[in-house]
Amino acid sequence: MSSGLHDRIARVIKRIPRGRVATYGQVAGLAGSPRAARQVVWVLNARSEKDRLPWHRVINSQGKIGLRPGDGYELQRALLVDEGLVFENDRVDLSRFQWRPRNSIV
DNA sequence: AACCTGACTTCGG
DNA sequence: TCCGAAGCCAGGT
């Protein structure tokens, strides 16, 4: 059973637990389209509010926040810090905070 | 249909 | 470790 890629991406994002983060590529992969990292961005912009997605839990493969200072960076970082993530030089340690889902069925 | 755009990713230097 | 280039997908113009 499967819906459109965007719906699957949105569902994956909703599953990211508090205190953990997922990378764009990881979300795309869990949604069944490993090369569609940019579609994750599209979904975040188009549906974060409407679908109440935990948008702040998605960061890039380097453990950094994609949003730029003055354009959401501060808010995202603050939200993550609230959830217990630790930033060192503008990045989080993925080996420590990356979400590792047990069942990846979408 | 061509071309641009983006909260990306990987790879090479 | 830090860029830049190239590859990537799909929506918008």
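Because only heavy atoms are used, hydrogens play no part in the values below, and waters and symmetry mates are left out as well, while side chains stay in. Here is the naming used below: chain letters follow the sequence lines, and residue numbers restart at 1 for every chain.
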Task: Which residue lies more 5' along DNA chain C, comparing Ala37(A) with Arg91(A) via nearest heavy atoms - done: Arg91(A)
Open item on the list: If the condition is salt bridge (charged side-chain N to carboxylate O under 4.0 Å, His left out), which residues does Arg18(A) pass it with, not counting sequence neighbours?
Closed with: Glu83(A)
Open item on the list: Using a heavy-atom cut-off of 4.0 Å across all strands, would you classify Ser33(A) as base, sugar-phosphate, or nothing?
Closed with: nothing
Task: Pairing residues for His56(A) by the ring-ring contact (aromatic ring centres under 6.0 Å, His included) criterion, not counting sequence neighbours - done: none
TODO: Return yes if some donor-acceptor pair links the side-chain N/O of Asn60(A) with the main-chain N/O of Gln62(A) below 3.5 Å, else return no.
DONE: yes
Open item on the list: As a test of understanding, state which of Val58(A), Asp7(A), Ile9(A) forms a side chain to side chain contact (heavy atoms under 4.5 Å, CB included) with Val43(A).
Closed with: Ile9(A)
Open item on the list: Between Gln26(A) and Trp99(A) (side chain of the first, backbone of the second, donor and acceptor by atom type, cut-off under 3.5 Å), is there such a pair?
Closed with: yes
Task: Leading and trailing nucleotides of DNA chain B with any atom under 4.0 Å from heavy atoms of chain A - done: dG6(B) to dT10(B)
Open item on the list: From CZ of Arg47(A) over to P of dA10(C), roughly how many Å is that when rounded to an integer?
Closed with: 15 Å
TODO: Have a look at Asn45(A) and say if it touches a base, only the backbone sugar-phosphate, or nothing, with a 4.0 Å heavy-atom cut-off.
DONE: base
Open item on the list: Return whichever of Gln62(A) or Trp55(A) has its heavy-atom-nearest nucleotide of DNA chain B closer to the 5' end.
Closed with: Trp55(A)
- [ ] Could you check whether Arg38(A) gets within reach of a base, just the sugar-phosphate, or nothing at all, counting any heavy atom under 4.0 Å?
- [x] base
Open item on the list: Checking the side chain of Arg8(A) only, and the main-chain atoms of Ser3(A) only, is there a donor and an acceptor separated by less than 3.5 Å?
Closed with: yes
Open item on the list: Please report the distance, rounded to the nearest Å, between CG in Leu5(A) and P in dA10(C).
Closed with: 6 Å
Open item on the list: By nearest heavy atom, map Trp42(A) and Arg35(A) onto DNA chain C; which one lands nearer the 5' end?
Closed with: Arg35(A)
